[in-house]
Visitor: 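Below is one structure. I have some questions about it.
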Amino acid sequence: MKIVTWNINGIKARIENLLIWLKESDPDIVCLQEIKSVDEQFPRLEIEALGYNVETHGQKGFNGVAILSKLPFDEVNRGLPGDDSDEQARFIEGVFSTEKGVLRVVSLYLPNGNPLGTEKFPYKLSWMARLEAWAKERLALEEPLVLAGDYNVIPEAADARFPQQWVNDALFQPETRQAFRRLEHLGFTEALRMASDSPEIYTFWDYQAGAWQKNNGIRIDHLMLSPEAADRFSSISVEKHVRAWEKPSDHVPVAVELAFVPA
DNA sequence: ATGGTAGCCACGCTA
């Protein structure tokens, strides 16, 4: 089963690219971030025509996440618990059935946190604390769970082409990286870390200053696997060629293959 | 120290 995370940076601007990519890549489950659309305006018909079920958690103009799945949804949960005053659409969980039982998949868009010195950075850290609390509860279920998304976290210096450019950025702050490690230490395996040591694997290249042409990238899109999901890990790939398409997102799809068969 | 680009949606905000 192929599960993919992709920050698409605007579903309306990217629908043609998405449809071409779905046909080419043939994923089973797709976690989208930054759909930048309300649910009513999400182009679900074109996607459903390719055989996908569509669940969205949208917002006007900014943020917004979605899950596309060839498997039917048994359950959908919108919003990260822990703060009823948080109105930003950054989290959706889908529950599916496989021949081995339940499979949970989350599409998350973790707050960027810039600029430092504003309320945005503490919001990022508190969101990460809420995610950790939620994940801890879910891990206790001992089920296969995939936390896929744009984490807006550069875990290590090796995950940036020019790490010194990021030292004053929220994506690379010590507190940010610590919170990311705390999540891992609950018992998750970061899927790309299961691949052989591969430096210079990036998932985001800024639109500005020729970042793509210079390969000035960072790795910020991650798939966290619970032990029950990691047990079935087969492979991981970054679909980098998509960044060279016309009108690309600034992020590319990251795909993990897990040995599950739909129920 | 700034500006470089893109999406959304109508002007500035977010990234």
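A note on names: the letters A, B, ... follow the listed sequences, proteins ahead of strands, and every chain is numbered from 1.
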Visitor: Rounded to whole angstroms, how far apart are CG on A/N168 and C1' on B/dT2?
Guide: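 Taking atom C1' of B/dT2 as the reference, CG of A/N168 is at 15 Å.
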Visitor: Between A/N7 (CG) and B/dA6 (P), how many Å, whole number?
Guide: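 A/N7 atom CG is separated from B/dA6 atom P by 16 Å.
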Visitor: Using the P atom in both, what is the distance from B/dC9 to B/dG3, to the nearest Å?
Guide: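 Comparing P positions in B/dC9 and B/dG3 gives a spacing of 26 Å.
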Visitor: Grab the CD1-C1' distance between A/I11 and B/dC9 for me, whole Å please.
Guide: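 Taking CD1 of A/I11 and C1' of B/dC9, I get 17 Å after rounding.
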Visitor: Using the side-chain contact (heavy atoms from CB on, under 4.5 Å) criterion, which residues pair with A/D83? Sequence neighbours excluded.
Guide: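 With neighbours one apart ignored, the set is A/S85, A/D86, A/R130.
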Visitor: Write down the distance between CD (A/Q59) and C1' (B/dC9), rounded to a whole number of angstrom.
Guide: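 It works out to 15 Å between those atoms.
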Visitor: How many Å lie between CD1 on A/I35 and P on B/dC9, as a whole number?
Guide: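 Computing the A/I35:CD1 to B/dC9:P distance gives 11 Å.
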Visitor: Please list, chain by chain and in numerical order, all residues satisfying side chain to side chain donor-acceptor pair (under 3.5 Å) with A/R232, sequence neighbours excluded.
Guide: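 Side chain to side chain donor-acceptor pair (under 3.5 Å) list for A/R232, sorted by chain: empty.
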Visitor: Supply the members, apart from A/V30, of the Ile/Leu/Val/Met/Phe/Trp/Tyr cluster built from side-chain contacts under 4.5 Å; use none for a lone residue.
Guide: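 Under the 4.5 Å side-chain rule, A/V30 groups with A/V4, A/W6, A/I8, A/I11, A/I15, A/L18, A/L19, A/I20, A/W21, A/L22, A/L32, A/I35, A/F42, A/I47, A/L50, A/Y52, A/V54, A/L68, A/V242, A/W245.
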Visitor: For the pair A/W212 and A/W205, name the ring-plane relationship: parallel under 30°, tilted 30 to 60°, perpendicular over 60°.
Guide: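 Ring orientation, 0 to 90° scale: perpendicular.
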Visitor: Which whole-number value in Å describes the distance from A/Q33 CD to B/dG7 P?
Guide: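 The distance from CD of A/Q33 to P of B/dG7 comes to 17 Å, rounded to the nearest Å.
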Visitor: Rounded to whole angstrom, note down the P distance from B/dA1 over to B/dC13.
Guide: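 Rounded to whole Å, the distance is 23 Å.
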Visitor: I'd like the C1' distance from B/dA10 over to B/dA6, given in whole Å.
Guide: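 The answer is 16 Å between these two C1' atoms.
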Visitor: List for me each residue that meets side-chain contact (heavy atoms from CB on, under 4.5 Å) alongside A/A157, sequence neighbours excluded, and say none if there are none.
Guide: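 Partners of A/A157 by the side-chain contact (heavy atoms from CB on, under 4.5 Å) criterion, ordered by chain and then number, come out as A/P163, A/F172.
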Visitor: Rounded to the nearest Å, what distance is computed from the CZ atom of residue A/R243 to the P atom of nucleotide B/dT5?
Guide: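 After rounding, the gap between these two atoms is 13 Å.
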Visitor: How would you summarise protein contacts on nucleotides 10-15 of chain B per nucleotide, using B for base, S for sugar-phosphate only and - for none, with heavy-atom distances below 4.0 Å?
Guide: S--BSS
Visitor: Would you please name every residue forming a side-chain contact (heavy atoms from CB on, under 4.5 Å) with A/E75, sequence neighbours left out?
Guide: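 Here the qualifying residues are A/N77, A/V95.
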